[in-house]
Amino acid sequence: MTGPQFYASSFADFRDLGCDGAAREVLVEGLRAHPRSELLLDLATREGVPLPEPPVEAKPPTAAPAAPAPVPAAAQPAPVLQWRPPPHPNAPLERDGGVPAVRALREAQKAHAAFAEADAAAWAARRRGTAAELVAEEKRLRDAVVQSMQACKADLRRLNLEFRTEHCRAPSYPDTHALVDDAVRRLGADAALRELCLREDPSAFAEDSSWDEEGPGAYLSLSRKMSEFDAPFERAKYLAQTGPGSVHDVFAAIARETDSRVRALPPGGAQVLVLGGHGASAVAAVRAGAARVVVLEPRRFVVTAAREVLRRNLTAEEAAKCTVQESLGAGTWDLVVVELWHGTGGLAWGPLEALEAAAAAAGPSGIRGVIPSGVAVRVQLADGRLADQSGFDLSRMDARFRGLTLPPLRAGLPEGAGGGPRGPGAHPTAFRPRPLTEEVVAFELDLGRAASVLSDVAGRAVPLRPRGLRTGCATAAVVSLELRLSGAGAGRAELRSAQWLAGGCPVAEGQEVSGVSARCGAGRVWVDWDWSCAREPPFGYAALSEWYFEMLRDSARHDLYEAALQAEIAKVKQAMGKCRVLDVGSGDGILSMMALRAGASAAVGVEVVTAIARVSEEVVAANRPAKLDSEAPIPALESAPLDIWCTDVRGVSEPPDDMKFNVLVSELMDASGLGENLVQLTRSARRRLCVPGAPVIPARLKLFGVLCEVKLPDLNGVNMDAFWPFWPLERMGSSLWLTVDLDKGEGDFRILTKPIEMLDLELGVADVDDIPTRRELDFEGAEDGTANCVLWWFETQLSTADPSIVLTNAPKCIDSRHAPTCWGQAMAELRTHLPVRTGEPAGVTMQMPFGEYQLRFRPREESAAPQAPCHLAPPPAAPPYSEAYRQDMEAFRAYRDEIDRLTKASRIAHTAFRHADVGAKCAVEFCAQCLQSQCQLFGVEMSTAARMAAGWYAVGGEGRM
């Protein structure tokens, strides 16, 4: 990429991020560097960016031959540019243009932020009254922002000042679960949604047409339609994950129990109803001798996959005994098998509601047995904060980004539990909160009483008085669902999830915690608590994806980066006596703080996402009061300079030589190694902002790969190929590679070749032109098989001063020297399957079109004939899909296209954004919360509700609408 193209691309990136000021700055900088570039001049003209003043040129003399010769160009003084660092993260709250109405808006914003984002000390000083009074105070301060906004819209437009609507979102309160559940039980789903959303702004979407075209009605309608598309992907995700504590293992235990119980019934006449549509228990029931099996599944395309599971696992005679239905008529059942426990939180798909409906259809004596026979629900309060990560307190990240009403979080099994090292709950970065109280039983659900199991508990709050095991602040309630299974070999069947207790609940050792209760609804179990005594403000305004918190819990990542910083800083200080460190993409700020702990004279973190940059300053402040190591001869963290610049590093102008940095550190790798512009950003930042020869961490990036034969794992001996087209979710999109994690037990992988090196780059030196657009790879076969995927990972040499410091996301089954990390691995599919033979080469062509940073692979001898999409073909060695399944998949692809059209044509809150109607926008945001908190009550998949809510509340570019 040429210089002008680099600046033009950076300008476009800033514009896409909404950073108009940084976009103008980088374009002006490009024009200074390339004043005659037609590309940049044309761009500046079209965008109305003023051209920088050109340097004054000496005019040649017009007479007087005795005039002195012109000064050589090289000797002319260069124009002096004023260098200044980027603005503070709070700059959007500071600019007022000198206009009283705008100043009033900024003051209202800061007053609301002081209340909603206070630290523990500030909150304790101003916390008063009950939870209802706290809600009223937050609403009063937020209404003041809305009113001030209305008063100064014209001034903001005239002065070209920015108002980001995320500064005034509808917050999430800790009682949202109960609020929504109560309203739906009183009014029904649609009427309840109207009542709840109009509390935010009674005048919003007053006309029915507006409600259904741009308001919460349109939001709910689109969510329900998207749920039909998302449902098979969500089922496949849980079928893919094996290991202790996984939903896959629960399914397997239920299938084993079904086999055992059907064999114990009188032969020849067992009637079995299966609630849930993946088909494994239905196959087990038929193989055990059931005369008739009905699978009840309301989602259309899950029905498609379940029917194919039956076809592929049963003979024609056996399959004739099974039907898969979207609705249920009257009938008598010897056994009802409940398979609806998938989803984080266990109850997210309403197993109790489905069981009651089946009992109502069967009549008074219609159900003789239920699997599982019961469920024990236990609750334990725990501390899930990031309070000690490599010696740093990162809990402000939790406080600011975990307050939102989230779907239940997957909680890992307790230390020492589980049957092996694999599985999502056994991974080192799993969410494993520290218990603060004893575990207490909240509910004992007798599923044998199918006709009343939900009505017995719905709407009832069960007081919990857990006794404190230690003093602390409980930020999570861990909910365990233990399924009662008694059949031979049923094994352990338990699901654990966690509900975030925003703000934190105080716990004292040896004392009972009062004000805590548990409730069970049709869609989830949750914990209510007296949040007026929270340690910090319990309001949620923004959220980060769980992968971000996995990264913050990755101790292997932290420790290796700190070792590299220590090695490089010590080397620089030995030569120069001081060391300034630049942290590109600083995020929470932990690498910048590590730099100071390693002895850096000063550090600067550059973070483009405003919300994260602001919180990182809070993280730094929380770690400044005490010296981290009073014995070590290093600057104390509380006194060494550490600044956070909120901008893209490409928008930072070149500093004077005495302000340049001695070490550049960055952690911008994704699972593929290349996906966050790591190569381009490190080279650009090193060239412009660092001293010549400054070391870069990581110093070198290598990519390694293998060929694999991949499919979904069998479930209790039942082949699940029918769900293969739906795993992972990205397979139906435009992504060229997918993220998987072998260390979490995802998928059934056979590694067929030895690892080979695919790419090797020296970071800070290599440019994008050094990345080949095409490379021929020869993999050496390690065992016979048929490859359908390339799996690859990165390996970074973090330090040149100590080359032994290596960070990699290689799976443990390939490289056992390294700990599993938060990244997982990257996987790309081959359009045509490639035979692999032991000891023989398997040729693959790797391509990477510039700018996409996504690797593509194809067999070297691939036919030029058009190929069907690889994600619609069965995995290797599997028989073809049936004609009925292929026809249903054609219908699924048509439905996918329809969803794409609906999404692109959506006008949800269009007018509200266009006219800066903050009240109407908040009504739609609260709609997103309602669906996310109790999605099953609205007929919405949990994954759909979470993804759509991320469009309104996520930070960092994670799916904004």
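Because the structure is a prediction, the values reported are computed rather than measured. When reading the values below, keep in mind they use all heavy atoms of this one structure, side chains included, and skip hydrogens, waters and symmetry mates.
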L582 versus A685, closest heavy-atom pair with distance: CD2-CB, 4.4 Å
Min side-chain heavy-atom separation D393-L386 under 4.5 Å: no
Pairwise side-chain contact, K578 with K573, heavy-atom cut-off 4.5 Å (strictly under): no
Pairing of E546 and R402 as salt bridge, 4.0 angstrom limit: yes
R557/T821 under side chain to side chain contact (heavy atoms under 4.5 Å, CB included): CA gap, chis, key distance, verdict: CA-CA 7 Å; R557 165 188 177 265; T821 66; 5.9 Å; no
Side chain proximity check, E795 to N809, heavy atoms < 4.5 angstrom: no
Test item: R688 side-chain N/O and V652 main-chain N/O as donor-acceptor pair under 3.5 Å: yes
Steps toward side chain to side chain donor-acceptor pair (under 3.5 Å) verdict (T808, D815): CA-CA 9 Å; T808 179; D815 187 346; 5.4 Å; no
NZ or CZ of R400 within 45° of Y541 ring axis and under 6.0 Å: no
Which atom of A8 lies closest to which atom of L39, heavy atoms considered: CB-CD2, 3.9 Å
Non-hydrogen side-chain atoms of V691 and F661 separated by less than 4.5 Å: no
Main-chain N/O of S672 paired with W792 side-chain donor or acceptor, under 3.5 Å: yes
Closest heavy-atom pair and its distance - A810, Q825: C-NE2, 4.2 Å
N-O pairing of R385 and D398 below 4.0 Å: no
Working for side chain to side chain contact (heavy atoms under 4.5 Å, CB included), residues V608 and T647: CA-CA 4 Å; V608 71; T647 186; 6.0 Å; no
Spatial distance of atom CH2 (W547) from atom CG (D670) [nearest 0.5 Å]: 9.5 Å
Smallest separation among heavy atoms of P655 and K660, with atom names: O-CE, 3.5 Å
Value rounded to 0.5 Å, distance of CE in M593 from CG in D583: 10.0 Å
Note, L759 side chain near K702 side chain (heavy atom, < 4.5 Å): no
T800 and E568 side chains, donor-acceptor separation under 3.5 Å: yes
NZ/NE/NH1/NH2 to OD/OE distance under 4.0 Å, E117 and R614: yes
Backbone N/O of V604 and side chain of D643: donor-acceptor pair under 3.5 Å: no
Evaluation steps, side chain to side chain contact (heavy atoms under 4.5 Å, CB included), between V615 and I612: CA-CA 5 Å; V615 179; I612 296 178; 5.8 Å; no
Any donor-acceptor pair under 3.5 Å from R553 side chain to T429 backbone: yes
pair M397-E618: side-chain heavy atoms closer than 4.5 Å: no
Side chain R580, main chain S601, donor-acceptor under 3.5 Å: no
E607 and S586 side chains, donor-acceptor separation under 3.5 Å: no
From CG (L668) to CG (L681), nearest 0.5 Å: 6.0 Å
H558 side chain to L552 backbone, donor-acceptor under 3.5 Å: yes
Donor-acceptor contact below 3.5 Å, side chain N623 vs main chain V619: yes
Check: S684 side chain, Q680 main-chain N or O, donor-acceptor pair, under 3.5 Å: no
Salt-bridge contact E107-K110 (side-chain N to carboxylate O under 4.0 Å): yes
Donor-acceptor contact present, side-chain R700 to main-chain L763, <3.5 Å: no
Beyond-backbone contact of I590 with L394, side-chain heavy atoms, under 4.5 angstrom: yes
Lys/Arg-Asp/Glu bridge criterion (N-O < 4.0 Å) met for R396, E617: no
Spacing of M594 atom CE and I569 atom CD1 [to the nearest 0.5 Å]: 11.0 Å
Nearest heavy atoms of R158 and V99, plus distance in Å: NH2-CG2, 3.9 Å
Beyond-backbone contact of T796 with F794, side-chain heavy atoms, under 4.5 angstrom: yes
Atom pair CG (D559) and OH (Y561), whose distance is rounded to the nearest 0.5 Å: 13.0 Å
Heavy-atom pair of closest approach, residues S666 and T682: CB-CG2, 4.3 Å
Distance (rounded to the nearest 0.5 Å) between R535 CZ and S395 OG: 11.5 Å
M848 and L674: CA distance, side-chain angles, deciding distance, side chain to side chain contact (heavy atoms under 4.5 Å, CB included) verdict: CA-CA 11 Å; M848 196 192 78; L674 295 169; 3.8 Å; yes
